[in-house]
Trainee: 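Got a structure for you, questions after.
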Amino acid sequence: MTIGVIGGGAWGTALAQVAAETEEVLLWARESDVVDGINRARENIVFLPGVPLSPAIRATASLADLASCSILLVVPPAQYLRALLGELPQTDRPLILCSKGLEAGTRKLMSEVAAEAHPDAPIAVLSGPTFAHEVAARLPAAVTLACRDEARGRLLAEAIARPFFRPYLSTDVIGAEIGGAVKNVLAIACGIVEGRGLGQNARAALISRGFAEMTRFGLAKGARAETLAGLSGLGDLVLTCSSVSSRNFSLGVGIGQGRAAADLLADRKSVAEGAFTAPVLQQAAREVGVDMPVVDAVCALLGGEAAVDDVIGGLLSRPIRAEA
Ligand SMILES: NC(=O)c1ccc[n+]([C@@H]2O[C@H](COP(=O)([O-])OP(=O)(O)OC[C@H]3O[C@@H](n4cnc5c(N)ncnc54)[C@H](O)[C@@H]3O)[C@@H](O)[C@H]2O)c1
Ligand SMILES: O=P(O)(O)OC[C@H](O)CO
């Protein structure tokens with residue numbers, strides 16, 4: 001079996017490395033230097049440098065080359081998913097969506113975007129607490145593999161499971177996607193608190209209150225509470241809110257230290273999904289009447305609309321209310 005990976009960023013490359021433990025892998029990358037670097041030097045020098053890649057991975061710049069792959073792991077940044085799937089020849093092979101975000105403009109989930117682009121393809125979502133560099137180093141990790149068809153989900157999980165990479169099955173695609181999208185925005189908030197030197201208590205409070213917001217929004221969108229409390233929700237939230245390995249958390253640290261979000265984003269090659277999801281999530285929450293004050297605070301600071309101290313002070317001075 002040949003497994004296809006669409007997206008030569010850090011995560012697509014790490015997943016290719018996982019798959020290559022037992023299968024041939026064809027990895028599509030947008031950049032010619034990524035394709036050449038993988039095929040000639042066995043390294044993704046742009047997005048995952050320092051990781052020797054398996055000889056079972058072959059890179060290509062042609063999506064048509066993936067026509068023979070039996071499973072496709074789809075791993076672009078969320079805002080590029082629709083365009084990329086639009087370039088992929090129509091397929092009925094399973095698409096395992098690995099991007100974390102909500103589509104700007106439509107506010108759609110990745111699974112909705114994929115179903116529109118490839119209506120005949122079975123859709124699954126892979127999401128959970130996974131820093132690419134750790135997974136690529138074969139350190140233990142666990143993810144949610146969500147597919148509405150339980151039997152198909154099991155087959156896909158068995159195809160990508162490895163001794164160090166453990167998928168847990170779910171049929172809650174909505175919940176798995178919302179956890180991964182929302183946690184990126186909340187991680188920015190936690191980074192801001194870290195960068196401003198507001199302490200560990202404040203970060204723990206943000207994780208807790210942010211999880212409450214994630215749950216309120218997810219339930220309103222049809223997610224299951226147990227999914228949000230699992231690997232793709234709380235698990236990924238705790239990881240991403242606790243480490244500068246997170247691009248979202250480190251973006252927040254810079255904002256907390258007083259740098260403009262626009263400057264921080266311009267300086268980076270890698271994606272901080274939360275910066276693009278935040279305004280979309282804010283709109284989506286308002287549409288369903290869900291209050292998300294931490295998300296509102298992140299949007300205000302991403303937009304340079306207020307000073308960090310004023311925004312944090314506003315969160316703390318909100319009317320006293322029940323916790324749940
Ligand atoms: N990096 C991780 O640790 C990790 C882990 C789990 C999930 N993810 C998710 O995987 C997805 C991909 O992120 P990543 O971290 O692999 O990316 P990355 O930050 O490593 O690389 C950026 C990617 O964006 C692509 N890109 C840049 N400009 C583009 C454009 N104009 N059109 C199309 N593509 C463009 C590049 O080709 C590259 O593949 C994201 O949704 C991310 O949240 C990342
Ligand atoms: O670097 P981040 O913040 O995009 O986080 C990477 C993964 O999503 C962690 O699960």
Side-chain angles (χ1 to χ4, degrees), residues 5-18 27-35 37-38 44-49 51 59 61 63 73-88 96-104 109-110 113-114 125-137 139 141-144 165 176-177 179-191 194 230-254 265-278 280 298:
V5 178
I6 303 178
W11 191 219
T13 306
L15 287 171
Q17 188 77 333
V18 170
L27 169 62
W28 174 88
R30 180 170 172 263
E31 301 82 1
S32 58
D33 50 349
V34 170
V35 172
I38 290 172
N44 184 335
I45 50 178
V46 181
F47 297 108
L48 198 64
V51 176
L63 284 169
L73 290 157
V74 187
V75 208
Q79 303 311 323
Y80 300 121
L81 179 68
R82 188 181 293 276
L84 193 53
L85 288 181
E87 294 173 28
L88 181 71
I96 302 179
L97 308 179
C98 309
S99 310
K100 298 177 179 178
L102 298 175
E103 183 179 54
L109 297 168
M110 299 294 99
V113 173
V125 164
L126 183 150
S127 194
T130 53
F131 286 140
H133 67 279
E134 289 195 5
V135 170
L139 296 177
V143 293
T144 299
F165 192 76
E177 292 190 280
V182 175
K183 68 88 182 177
N184 283 330
V185 180
L186 301 176
I188 294 173
C190 287
E194 180 77 12
L231 290 161
S232 54
L234 181 60
D236 207 357
L237 179 65
V238 169
L239 175 80
T240 314
C241 291
S242 308
S243 169
V244 289
S245 289
S246 157
R247 286 80 51 92
N248 290 285
F249 184 83
S250 58
L251 170 64
V253 170
L265 290 168
D267 281 353
R268 63 193 319 148
K269 188 172 48 244
S270 68
V271 66
E273 287 278 27
F276 306 98
T277 297
V280 185
V298 170

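Just follow the structure's listing: the first ligand is 1, and inside any ligand the first atom is 1. This is a predicted model, so every value here is computed, not measured.
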Trainee: Looking only at N/O atoms, are Ala132 and ligand 1 under 3.5 Å apart anywhere?
Mentor: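 Yes, Ala132 has an N/O under 3.5 Å of an N/O on ligand 1.
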
Trainee: Using only atom types and a distance under 3.5 Å, with no angle test, would you say the side chain of Ser232 pairs donor to acceptor with the backbone of Gly180?
Mentor: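 No, because the side chain of Ser232 does not come within donor-acceptor range (under 3.5 Å) of the backbone of Gly180.
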
Trainee: Check each of Val125, Leu15, Val74, Val143 against Cys98 using the side chain to side chain contact (heavy atoms under 4.5 Å, CB included) test, and report the only one that passes.
Mentor: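 With Cys98 as partner, side chain to side chain contact (heavy atoms under 4.5 Å, CB included) holds for just one option, Leu15.
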
Trainee: Taking Lys100 for its side chain and Gly179 for its backbone only, find out whether a donor-acceptor pair lies under 3.5 Å.
Mentor: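 No; zero donor-acceptor contacts below 3.5 Å.
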
Trainee: To the nearest 0.5 Å, how far apart are OG in Ser127 and CD1 in Ile96?
Mentor: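 So the OG of Ser127 and the CD1 of Ile96 are separated by 12.5 Å.
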
Trainee: Less than 3.5 Å between some nitrogen or oxygen of Glu273 and one of ligand 1, yes or no?
Mentor: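 In this structure, Glu273 places an N or O atom under 3.5 Å from an N or O of ligand 1.
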
Trainee: What protein heavy atom sits nearest atom 19 (O) of ligand 1, and how far away is it?
Mentor: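 Going atom by atom, the protein heavy atom closest to atom 19 (O) of ligand 1 ends up being Val271 N, 2.8 Å.
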
Trainee: Checking the N or O distance criterion of under 3.5 Å, is ligand 1 in contact with Lys269?
Mentor: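 No, Lys269 has no N/O under 3.5 Å of an N/O on ligand 1.
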
Trainee: Would you give the length of the straight line joining atom CG of Leu84 to atom CD1 of Ile6, rounded to the nearest 0.5 angstrom?
Mentor: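 Atom-to-atom, Leu84:CG and Ile6:CD1 are 6.0 Å apart.
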
Trainee: For ligand 1 and Lys100, I'd like to know whether there is a polar contact (N/O to N/O, distance under 3.5 Å).
Mentor: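 N/O-N/O distance below 3.5 Å exists for this pair.
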
Trainee: Using the rule given for side-chain contact (heavy atoms from CB on, under 4.5 Å), can you reason through Phe249 versus Ser242, listing the C-alpha separation, both sets of side-chain angles and the distance that settles it, and then say yes or no?
Mentor: CA-CA 8 Å; Phe249 184 83; Ser242 308; over 6 Å; no

Trainee: Based purely on interatomic distance, does Pro77 place a nitrogen or oxygen under 3.5 Å from a nitrogen or oxygen of ligand 1?
Mentor: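 N/O-N/O distance under 3.5 Å: no.
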
Trainee: Test of understanding: with salt bridge (charged side-chain N to carboxylate O under 4.0 Å, His left out), list the residues that count as partners of Arg247, not counting sequence neighbours.
Mentor: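 Arg247 satisfies salt bridge (charged side-chain N to carboxylate O under 4.0 Å, His left out) with no residue once adjacent residues are dropped.
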
Trainee: Got the closest protein heavy atom to atom 28 (N) of ligand 1, with its distance?
Mentor: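 Heavy-atom neighbour on the protein nearest atom 28 (N) of ligand 1: Arg30 NH1, 3.4 Å.
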
Trainee: Can you pull out the closest protein heavy atom to atom 12 (C) of ligand 1? Residue, atom name and distance to 0.1 Å, please.
Mentor: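 Its nearest protein heavy-atom neighbour is Val75 O, 3.4 Å.
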
Trainee: Hey, is Lys100 touching ligand 2 through its side chain, its backbone, both or neither, going by heavy atoms under 4.0 Å?
Mentor: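 The answer is the side chain of Lys100.
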
Trainee: Please check whether Gly7 reaches ligand 1 - meaning an N/O of the residue sits under 3.5 Å from an N/O of the ligand, judged on distance alone.
Mentor: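 Such a contact does not occur with ligand 1.
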
Trainee: Considering only non-hydrogen protein atoms, determine which one is nearest to atom 39 (O) of ligand 1 and report residue, atom name and distance to 0.1 Å.
Mentor: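 Looking at atom 39 (O) of ligand 1, the protein heavy atom closest to it is Gly9 N, 3.2 Å.
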
Trainee: Given side-chain contact (heavy atoms from CB on, under 4.5 Å), test Val298 with Val185 step by step and report yes or no.
Mentor: CA-CA 7 Å; Val298 170; Val185 180; 3.9 Å; yes

Trainee: Starting from atom 8 (O) of ligand 2, what is the nearest protein heavy atom, named by residue and atom, and what distance separates them?
Mentor: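 The closest heavy atom on the protein side is Lys183 NZ, 2.7 Å.
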
Trainee: Run down the list Lys183, Glu134, Glu31 and name the one with the heavy atom closest to atom 37 (O) of ligand 1.
Mentor: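 Of the listed residues, Glu31 has the closest heavy atom.
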
Trainee: Check contact between Pro129 and ligand 2, using heavy atoms of the residue and a distance below 4.0 angstrom.
Mentor: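 Pro129 counts as a contact of ligand 2 under the 4.0 Å cut-off.
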
Trainee: Give the atom numbers and elements of ligand 2 that come within less than 4.0 Å of a heavy atom of Arg247.
Mentor: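 Listed by number with element: 1 (O), 2 (P), 3 (O), 4 (O).
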
Trainee: Can you pull out the closest protein heavy atom to atom 1 (N) of ligand 1? Residue, atom name and distance to 0.1 Å, please.
Mentor: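 The answer is Arg247 NH2, 3.2 Å.
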
Trainee: Quick check on Gly128 - does any of its heavy atoms sit under 4.0 Å from an atom of ligand 2?
Mentor: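 True for this residue.
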
Trainee: Hey, could you give me the CD1/CG distance between Ile188 and Leu251, rounded to the nearest 0.5 Å?
Mentor: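 These two atoms lie 5.0 Å from each other.
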
Trainee: Please name the pair of heavy atoms, one in Gly128 and one in Asp236, separated by the smallest distance, quoted to 0.1 Å.
Mentor: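 Result for this residue pair: O-OD2, 3.1 Å.
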
Trainee: At a 4.0 Å threshold, what atoms of ligand 1 neighbour a non-hydrogen atom of Phe131?
Mentor: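 Going through ligand 1 atom by atom, the ones under 4.0 Å from Phe131 are 3 (O).
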
Trainee: At less than 4.0 angstrom from any non-hydrogen atom of Ser99, what atoms of ligand 1 do you find?
Mentor: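 Checking each atom against Ser99, I get 41 (O).
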
Trainee: What part of Ser127, side chain, backbone, both or neither, has a heavy atom within less than 4.0 angstrom of ligand 1?
Mentor: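 For Ser127, no heavy atom sits under 4.0 Å from ligand 1.
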
Trainee: Can you give me the closest heavy-atom contact between Gly101 and Met110, atom names plus distance?
Mentor: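 It is O-CE, 3.5 Å.
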
Trainee: Within ligand 2, which atoms have a heavy atom of Thr240 less than 4.0 Å away?
Mentor: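 Close to Thr240: 3 (O), 9 (C).
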
Trainee: With distance as the sole test, does Glu31 use its side chain to make a donor-acceptor pair with the main-chain N or O of Ala61 at under 3.5 Å?
Mentor: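 No, because the side chain of Glu31 does not come within donor-acceptor range (under 3.5 Å) of the backbone of Ala61.
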
Trainee: Which atoms of ligand 2 are found less than 4.0 Å from any heavy atom of Ser246?
Mentor: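 That gives atoms 1 (O), 2 (P), 3 (O) of ligand 2.
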
Trainee: Which heavy atom of the protein is the closest neighbour of atom 9 (C) of ligand 1, given with residue, atom name and distance?
Mentor: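 Heavy-atom neighbour on the protein nearest atom 9 (C) of ligand 1: Cys98 O, 3.8 Å.
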
Trainee: Identify, by atom number and element, the atoms of ligand 2 in contact range of Thr130, meaning under 4.0 Å from any of its heavy atoms.
Mentor: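 So the atoms of ligand 2 that pass are 7 (C), 9 (C), 10 (O).
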
Trainee: Apply the side-chain hydrogen bond (donor to acceptor under 3.5 Å, both in side chains) test between Asn248 and each candidate in Thr277, Asn184, Thr240; give the one that qualifies.
Mentor: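 Exactly one pass, corresponding to Asn184.
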
Trainee: Is a side-chain N or O of Trp28 found less than 3.5 angstrom from the main chain of Gly7, in a donor-acceptor match?
Mentor: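 Side chain of Trp28 to backbone of Gly7, a donor-acceptor pair under 3.5 Å: no, none is there.
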
Trainee: Any donor and acceptor pair, going by atom type alone, linking the side chain of Asp33 with main-chain N or O of Val46 inside 3.5 Å?
Mentor: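 Not a single qualifying donor-acceptor pair exists.
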
Trainee: Measuring from atom CG of Leu265 to atom CZ of Phe276, what distance do you get when rounded to the nearest 0.5 angstrom?
Mentor: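 That separation rounds to 5.5 Å.
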
Trainee: Which of the numbered atoms in ligand 2 are below 4.0 angstrom from a heavy atom of Asn248?
Mentor: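 Atoms satisfying the 4.0 Å criterion: 2 (P), 3 (O), 4 (O).
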
Trainee: With a 4.5 Å heavy-atom cut-off, do Arg268 and Ser250 have their side chains touching?
Mentor: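 Yes, at least one pair of side-chain atoms sits under 4.5 Å.
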
Trainee: With atoms numbered from 1 as shown, which atoms in ligand 2 lie under 4.0 angstrom from a non-hydrogen atom of Asp236?
Mentor: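 Selected atoms, number and element: 9 (C), 10 (O).
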
Trainee: Give the residue and atom name of whichever protein heavy atom lies nearest to atom 5 (C) of ligand 1, and the separation in Å to one decimal.
Mentor: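 The protein heavy atom lying closest is Thr130 O, 3.0 Å.
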
Trainee: If you measure from each heavy atom of Gly101 to ligand 1, is any distance below 4.0 Å?
Mentor: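 It does not, in that no heavy atom of Gly101 comes within the 4.0 Å cut-off of ligand 1.
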
Trainee: Can you name the one residue among Leu48, Leu73, Val271, Thr130 that meets side chain to side chain contact (heavy atoms under 4.5 Å, CB included) with Trp11?
Mentor: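 By the side chain to side chain contact (heavy atoms under 4.5 Å, CB included) criterion, Trp11 pairs with just one of Leu48, Leu73, Val271, Thr130: Thr130.
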
Trainee: Report the nearest protein non-hydrogen atom to atom 10 (O) of ligand 1: residue, atom name, distance rounded to 0.1 Å.
Mentor: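 Of every protein heavy atom, Trp11 CD1, 3.5 Å lies nearest to atom 10 (O) of ligand 1.
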
Trainee: With nothing but distance in play, are any N or O atoms of Phe47 less than 3.5 Å from an N or O of ligand 1?
Mentor: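 Min N/O separation from ligand 1 is not below 3.5 Å for Phe47.
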
Trainee: Look only at interatomic distance and state if Ser270 has a nitrogen or oxygen under 3.5 Å from any nitrogen or oxygen of ligand 1.
Mentor: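 Not met; the criterion fails.
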
Trainee: For ligand 2, does Leu239 get within less than 4.0 Å through its side chain, its backbone, both, or neither, judged by non-hydrogen atoms?
Mentor: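 Just the side chain.
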
